[in-house]
Amino acid sequence: MEKTRAGKDKVTKNTKHPSTKDDAEAAARKQNPTAKERRAKAKKEKRHLAAAARAREAQKTAAEAQTKEEAARKARFVEQEALRFEEEASVTSQHVVLGSTVVTFAAGLEVKSVISGFECCRITIKNLPTDAKRHEITDLFIQQGMSHHDVHILSLQARNGHLEAEVLMNACQGRIFVLGLDRIEFRDKFLEFEVSETVSANAMGESNNRRTDTLTITWFAPSLNMIVTYPSKDIAHEKQQALNGKIVGGRRITAKMNRRPRPRGPADHHYNPASIEIMGLPVHTTIFDVSSIARSSSIQPVESDTYDLQQLLQDLRQHLVSLPCVKMPSFEMATDTDLEGIVTTKVRFDSWEDANTACASLDGKRLRPGYPILTPHLPSLLYFKKTIPKPQYRAQQRLWDTLAQDNSEKGPWVSIHSPRSKRVEIILTGNDKKLVGALRIRVETLAAGEKLGISWHKSFLQPRGREFLAQIFASTNVYVSCDFKTRSLRMYGEGEAKQRAHQLIEEEIARLAQQEWTVKLKSQSVSYFVRKGLAALREILGEDAVSLNLASTLCEITIRGGEEARHALNNHINQSLNDVDLGLSDSSNNACPICYDAVSDPWPLGCKHAHCTACIRHYITSAAETKIFPLVCMGDENRCKAPISIPTIQHFLTSPQFYNLINVVFSTYLDQHPHEFKYCTTPDCTQIYRANTESILKCPSCFAEVCSSCHEEAHEGMSCEDRRIKKVQQEQQLNDSWAITNGVKRCPACSVYIDKIDGCNHMKCRCGAHICWICVKSYPAGQIYAHLANVHGGAFDGDGDQCNLDLQHAVALHHQLNGQDAPVLPPRPAMQVQPAQLVVEQGMREYQRQFDERQERAPRGLEERRRNEGQEDCLMM
């Protein structure tokens, strides 16, 4: 056993430590390789070199392929961006402003086309499929040759299993196309079209189901009256109550205690106070019939309204036919007389005016003695209705009641119906289009409320927001409604209550703006927000308003702010999902056309100019204040002028801000085109019309007729110049009448009205003229007081009385010297005879003394009057 272990140990020792001889041989072979070894080494090195060359070639090929692929990607990106810019540049936006004016805006919010309310009509398309699209409806008119700028779809509403579309378009073209499109087949449906002149989206609806040319005439049918006598008053009273309102022969009779005056003479023997009078009996009723129902045999017929009904109808027809210039196409009598014994006849005329003439000729009149009085009824020519929510009516109740109470006898009339239901109907009727139109504007303005500009938060559409608005109504009696289409609020109420409600809304919006909310980001959005999205949002909202949490399972971004913050975050999220960073947006070496600094966070436009995102945002958001339109690129030192696309403008604005900017743009456009568009002549009417069309235009809201040449009320049969002269004369008469009534006169130099408040009769106009207030003539400044002294006896009222007294004495003295009968001298102080020159000098000195005294007293009097009346100043003109 020991020997074996020793052998094993020896073998192991020899294996771990080779001999020195073997090492020496190996070293010698390494230093002096054989030819075979050298060839093998050379082949090996060659193979290594070839492999390295192939690897380098492969790397080069891969790099070239990657470069080509990158170039292709960049080319595709550039092409896509170019197409996107081209598409965005061609985007137009169509809106309804000023109630019913259809305006199409192009890039830069340039006004492309305008269809004023005077030129519009509203078309209702019925029987559309429920899945019909807006572009399909627009194509119906485009296929007929209309431009898409001339068609605007107001609304789509489902009714009775079908869709109804409200469309605004040019009235002349619309009526022609409707004739060709009516009953056209659309997806196995036959469409129906209706044309209306009511074009405003919020206008009062006009009833089309009323026959305003039909006159309804009513009167009492022939009837009998009888006196029924009973044994006692108690029995008579009991029978009167039982018979009153009873139906006899198809008529409702009236029974009352006999109140006829007691007759005198022989008839007094038959008078009995225990009797009743039955009225309204059919003419064919006999005494036996009355006895059977009255349970009395003592019945006496009395004077009744009996006449020949057929003869009355013939006389009525003859009366209507004989009216001058009135056409009556039909005359129909009601099939029967109603229970109340009233006969109804309906007559249809060619027009409401003819029916109104006939109505005036019959109202409260009898055609013949013995005939009943006729009562004609003609519907109002105009009938409009609008429904509003009950809370809105409560908030404006005093204003609505004032409108309803201001009704005149001749109209128009405002009536309020169903005030206890959830909806309240406001009905406007009348016959004078001008008066009805003016009142209609007041009703629609009141019903529209006050729009709160850009005061908006998304939460107002949620239950919590609606609860907050309900609390405002409960505390201030101001109703606030939400318009989800325009993202805006409308307020209804009065005075200080509205101010308080507005303050509460602003405070709530400010409170909501301080709340934080978190959005989870998709994985492809994280890189974008890390690279630039987070910095961009912090630049807009502030460093502390935005935070990015990368530690959560799904990356989260937390933001604090209102609607602008939500809008900015949504824009960046949408941009992050389409973000492709190819290094094409590196504009660090370019200067921003707005701030002239190196571009940071570039925002490229279609013209290839890049702006700082913050700069382009400020440029767009401040446009409503600067009012410089259209919005264009300011590159190349403001020589580029390429319009900014509408999608870019919408990117930086919330919905309320965008709609507000649209209104500002169009208002500015109207200010810049005063000779092309004019406002309606009715106060408070917002409709506009196109000027210089040399025609009579009719306002769709207030029905005012306007001459588009002179912009005054229509003057058919009279030229514009004649109308102007007539208007000047009428105004002059009114002004002169007013001036005489109020003691006002015109300056003889500049013709402005002047009024004397106090002081002397020397007036100085603002044009510099010195005027005598008594004779209304101008004089040089140095001669005015001499004129007042010589002609009027002095500068103040009453100075001429002394002169008149002197004149009377002089005339009386002249008569005495000539031996004539002189008038009685008025009492005056004794005078000493003095030379004429001396008298004149003394008179001038006395006048000057009085004038100086009055001039000294005038300022003190004026100052005292100011203190008493609380006025700041008192001017004399």
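Atom CD of Q66 is separated from atom CZ of R73 by 9.5 Å, given to the nearest 0.5 angstrom. Atom CD1 of residue I123 and atom CD1 of residue I125 lie 7.0 Å apart, to the nearest 0.5 angstrom. Atom CD1 of I176 and atom CE of M146 lie 9.5 Å apart (nearest 0.5 Å).
S459 and H457 share a side-chain donor-acceptor pair at under 3.5 Å. Looking at E166 and S155, their side chains never bring a donor and an acceptor atom within 3.5 Å of each other. The closest side-chain donor-acceptor pair between T558 and T518 falls under 3.5 angstrom. In the model, T104 has a side-chain atom that pairs as donor or acceptor with a side-chain atom of S113 under 3.5 Å. A side-chain donor from one of Q657 and T654 sits under 3.5 Å from a side-chain acceptor of the other. With hydrogens and angles left out, the side-chain atoms of E507 and Q503 include a donor and acceptor closer than 3.5 Å.
Scanning both residues, C120 and S100, for their nearest heavy atoms gives SG-O, 3.8 Å. Heavy-atom minimum distance, F118 versus I688: CD1-O, 3.0 Å.
L469 has its side chain out of reach of Y479: every pair of non-hydrogen atoms, C-beta onward, lies at least 4.5 Å apart. Looking at L605 and H611, their side chains come closer than 4.5 Å, going by heavy atoms from C-beta outward. Looking at heavy atoms from C-beta onward, Y619 lies in side-chain contact with M634 at the 4.5 angstrom threshold. Counting heavy atoms from C-beta on, the side chains of V546 and L569 never come closer than 4.5 Å. Within the 4.5 Å cutoff, the side chain of I557 has no heavy atoms near those of the K520 side chain. At least one side-chain heavy atom of F629 sits less than 4.5 Å from a side-chain heavy atom of L631. Counting only heavy atoms from C-beta outward, the side chains of H152 and L154 approach each other to under 4.5 Å.
The residues R511 and E508 are annotated as salt-bridged, a charged nitrogen and a carboxylate oxygen being separated by less than 4.0 angstrom. Salt bridge absent: E496 and R500 never bring a charged side-chain N and a carboxylate O closer than 4.0 Å.
Ring centers of H95 and Y659: under 6.0 Å apart, within the cut-off. Taking the six-membered ring for Trp and the full ring otherwise, the centers of H651 and W603 sit less than 6.0 Å from each other.
Taking the six-membered ring for Trp and thresholds of 30 and 60 degrees, W456 and F460 have ring planes more than 60 degrees apart, a perpendicular arrangement.
Within 6.0 Å of NE2 on H675 lie no more than 12 heavy atoms contributed by other residues, nucleotides or ligands.
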